[in-house]
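Below: the structure, in structure tokens.
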There are 4 protein chains.
Amino acid sequence: MRLPSPSSPNPSAILLMHCPDNKGIIATVSEFIAKNNGNITFLDQHVDASKSVFFMRIEWELNGFAIPEEKIGEYFDVLIGRRYSMQWQLHFSQEMPRMAIFVSKLPHCLFDLLSRWKSREIEVEIPVIISNHKDMEPVARQFGVAFEHFAITGANKQEQEKAQLELLARHEVDFIVLARYMQVLTEEFVSHYPNRIINIHHSFLPAFPGAKPYHSAYERGVKVIGATSHYVTAELDGGPIIAQDTIRVTHEDSIEDLVRKGRDLEKVILARAVWHHIQRQVLVYQNRTLVFS
Amino acid sequence: MRLPSPSSPNPSAILLMHCPDNKGIIATVSEFIAKNNGNITFLDQHVDASKSVFFMRIEWELNGFAIPEEKIGEYFDVLIGRRYSMQWQLHFSQEMPRMAIFVSKLPHCLFDLLSRWKSREIEVEIPVIISNHKDMEPVARQFGVAFEHFAITGANKQEQEKAQLELLARHEVDFIVLARYMQVLTEEFVSHYPNRIINIHHSFLPAFPGAKPYHSAYERGVKVIGATSHYVTAELDGGPIIAQDTIRVTHEDSIEDLVRKGRDLEKVILARAVWHHIQRQVLVYQNRTLVFS
Amino acid sequence: MRLPSPSSPNPSAILLMHCPDNKGIIATVSEFIAKNNGNITFLDQHVDASKSVFFMRIEWELNGFAIPEEKIGEYFDVLIGRRYSMQWQLHFSQEMPRMAIFVSKLPHCLFDLLSRWKSREIEVEIPVIISNHKDMEPVARQFGVAFEHFAITGANKQEQEKAQLELLARHEVDFIVLARYMQVLTEEFVSHYPNRIINIHHSFLPAFPGAKPYHSAYERGVKVIGATSHYVTAELDGGPIIAQDTIRVTHEDSIEDLVRKGRDLEKVILARAVWHHIQRQVLVYQNRTLVFS
Amino acid sequence: MRLPSPSSPNPSAILLMHCPDNKGIIATVSEFIAKNNGNITFLDQHVDASKSVFFMRIEWELNGFAIPEEKIGEYFDVLIGRRYSMQWQLHFSQEMPRMAIFVSKLPHCLFDLLSRWKSREIEVEIPVIISNHKDMEPVARQFGVAFEHFAITGANKQEQEKAQLELLARHEVDFIVLARYMQVLTEEFVSHYPNRIINIHHSFLPAFPGAKPYHSAYERGVKVIGATSHYVTAELDGGPIIAQDTIRVTHEDSIEDLVRKGRDLEKVILARAVWHHIQRQVLVYQNRTLVFS
């Protein structure tokens, strides 16, 4: 059962779509909404001229819309989607997404996500926090969220991931946030949540993928460090980037300073990616994201 | 006579509009273009919910468009504009705008604009550079642009401005860039180029308007300094902001360091504002800009 | 009684000083430390050439230092300080500062400070959280910190501040952080904690002081918003700035978006100022800070 | 013959040094200067604790300094340098460095450097501009700088580099700036100007080294792009980084937009690196820079 999101007094529908570029798509889609008495509150489109692909995010108020919610998808597909060979997703603002958090030992992203949740900055349900260590259990308890510990070894990884997947299914989890989770997920695991696992990596990817990026950044002598939030794919730190930013550092910064300064960036960038995701602003196409915000 | 802008192989039309918010505007406008065989290459809209005003920038390719260029405005107004009580402007990408530069003694913004013009980063005609000092005449000459000197005193200001206006009219100037021009223009002068005079102010407005903002920034001990490019209005440094950015400074920066670091910001922000302006991305409403980019 | 700060395995002494500029100060001070067998781990100096004032922060390891801790101040003053007419402060890294938090209804800065404290990102004692509202009491309780409510009215303000001062004294509070505390402190209150009350203001000061800066920023149409952390003085939002930063916004951002984006800046900038303060990196001179970091 | 740099009314000496960390170095060096009547105007030091190496930049006024300029190096080495096993460099502010520019076809960095030179933002002599194409000859001529064309082919590269080296020697060039020079220099060539060839690479290294970084950035879907200025070493785009910065981009930015936005970053970052270099603020140690500014 989904709780309605309380901060959406005007429920709205959101369509994310892409298709081969063509004349008249915007007119057709916006007319479909307008003729059925929907008031468009957001429309942003993008044409990738080099690939001739059209992308759009459109949002409209449902109050007074002539087509009932449960029929909108069908009508849209029959009347428009098929005609333009569209790939589309339909979302409703009043659906409250269910988010699981995976964490290891570092608290800053976990504290930040839970604080935002508690303050209603991000409107989600958090049914469970999963960890390969017990260190963060007190934090989960402090915020009143269930905590499940799965010790991971080379030998038991597959089995443990299977148990995690069952747990996630039982909790009807929509998407997963890896809040500095220090385990590589298997391709099998990832395939259950395509473009629905959000990771934070502590470098400006594609520089310094994998382990210990702050150490590598220090050794290379960079003058900026960064953080990157991306959807997890089979390729390590290679998935579509949702949000990314950098800050300047100097020769005076030790590795410990980079870690300290990076923490603030990591938690802000991860939260930004989660925000875009739950606002249904993100469309993935060929390992790149379009973020309509 | 206007030169065609050579970098636009596909000529396009651009409509900037705003009107009371209403259902169906996007559908109506985009259908108007699509039905007449125009391919929309850009559409971005914005609704100011608090004021119930709808804003849009739409651009489409003219090749094959059914309505002749010189009739588009009329057709649009009759069929759509009046119906929605729209304020709108129509531009064509192949029109090369004619830009005058006003400068005093500081060379960095002038060098930067002329370099971008020479490199075709900005596609404009520069018929004349106007200055209240002679210092920059060699720079103008070096780039092969006419230079006109108007010494300004308290006594001759009105008269000199009148002569400047005649010169600008003779050169068919479309818009003016104040590249660190150290004279306040009179309200009378400004009224001839509404939202067509672009200034760069060396602070993050509204902080430190008027003279010597770097000195004030130093005295106040700020940790960031900024630059602001805005359209000139009757209120000093009070016009609609087009582009603005800041950089961090420390206690180690003397006023001279602020001036030096600020220069780079000033020239980049001014050039960014000029770019938005000539791309017809800027819409002014109630002393604020919408920059559709 | 002060707890030793556990993260300083090598205890060190920190001197912050300023005096009229003169030849030989660095040599004299560094020789004083070296001759007494102290290893300097940090030295940064600054000369304000326009005012002929010399500033320095110097830190050295105490292990093996010939002068006992409790005598360092006396020796330094007699041998050096008086000779150069210095103003100086001496701190020891192993002292754990005692920080009180004042908060009203907004949770983001409070959550952030408490999370950093719990994670030992900032090494302080937090004996008490003080508020003019009861909304944040559950957050204080969640983190196990005492919460004291002082309802403030026009009539009882002086009396309540007196009670707050007694409470702070009883808790041996060293400095106060206003984590979005929506009350102006009286000059009398401020005078008890000179350069020891840290506020976060949600604008890039000196722009938009006082109430509702995001509303003012929206109305003015700025393209960046900011946050400023400063020591509180008698002048509202006029004290010495410790940390300040900005982020870019666009016409698409409503006031609510500014508030949302600003929150991340506020909490990061406030935490940065607190970090500088407890690392004894901040020296105040004529309403400006030097931050040696 | 070297021209005196006219903007240094108070000539000063600058020492850059590093050595094994030890007690008393700062005291010894600053006492050496103070006792000989030198007024220190800048001192910044850094200890790399992990490697136990001490670094320092110290600058003092020469007026009234007891040791004649031509003897300072000898005295310093005998009295201090050898004792601490120092590596050190001595510079004098009134020496005007001689800078050669290498360029290919892109004008923005060239225009920017020449404009700064003409405006005296950077105080250097520019005896010659060298290019593997003729496109930039008019720009060189416009600024009155000699232009030398060296067509480079696989077959003639060694021979042409030899001729370039002779030309540079004849012009007594101190350092070289590669202002978007699209040729890889041979190891042999680079060995003649160790830490004296400054390159600008159009990405945030170590991401996207080599050719076409904006295309790679687009394909990877990054949300920031960057520019990196570094000293050239035998390893392509692998030398010590002097300055680096990034700007945010979105899915709306085509490759052409990345190129356009990146240009502003490139020219500012390259100029910043040149500034640090000619101010003698840069010390290279193990392929990393310390920039004392």
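Just so you know, these numbers come straight off a predicted model, no measurement behind them. The sequence lines fix the lettering, A, B, ..., with proteins before strands; numbering per chain opens at 1.
Not a single ring-ring contact (aromatic ring centres under 6.0 Å, His included) links A:Phe208 to another residue, sequence neighbours left out.
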Scan chain B against chain A and return every donor-acceptor pair whose distance is under 3.5 Å.
{"from": "B:Lys23", "atom 1": "NZ", "to": "A:Asn37", "atom 2": "O", "distance (Å)": "3.2"}
{"from": "B:Lys23", "atom 1": "NZ", "to": "A:Asn37", "atom 2": "OD1", "distance (Å)": "3.3"}
{"from": "B:Ala27", "atom 1": "N", "to": "A:Ser30", "atom 2": "OG", "distance (Å)": "3.4"}
{"from": "B:Ser30", "atom 1": "OG", "to": "A:Ala27", "atom 2": "N", "distance (Å)": "3.4"}
{"from": "B:Asn37", "atom 1": "O", "to": "A:Lys23", "atom 2": "NZ", "distance (Å)": "3.3"}
{"from": "B:Asn37", "atom 1": "OD1", "to": "A:Lys23", "atom 2": "NZ", "distance (Å)": "3.3"}
{"from": "B:Leu43", "atom 1": "N", "to": "A:Gln45", "atom 2": "OE1", "distance (Å)": "2.8"}
{"from": "B:Gln45", "atom 1": "OE1", "to": "A:Leu43", "atom 2": "N", "distance (Å)": "2.7"}

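B:Ile33 contributes atom CD1, which lies 8.5 Å from atom CD1 of A:Ile26 (distance to the nearest 0.5 angstrom).
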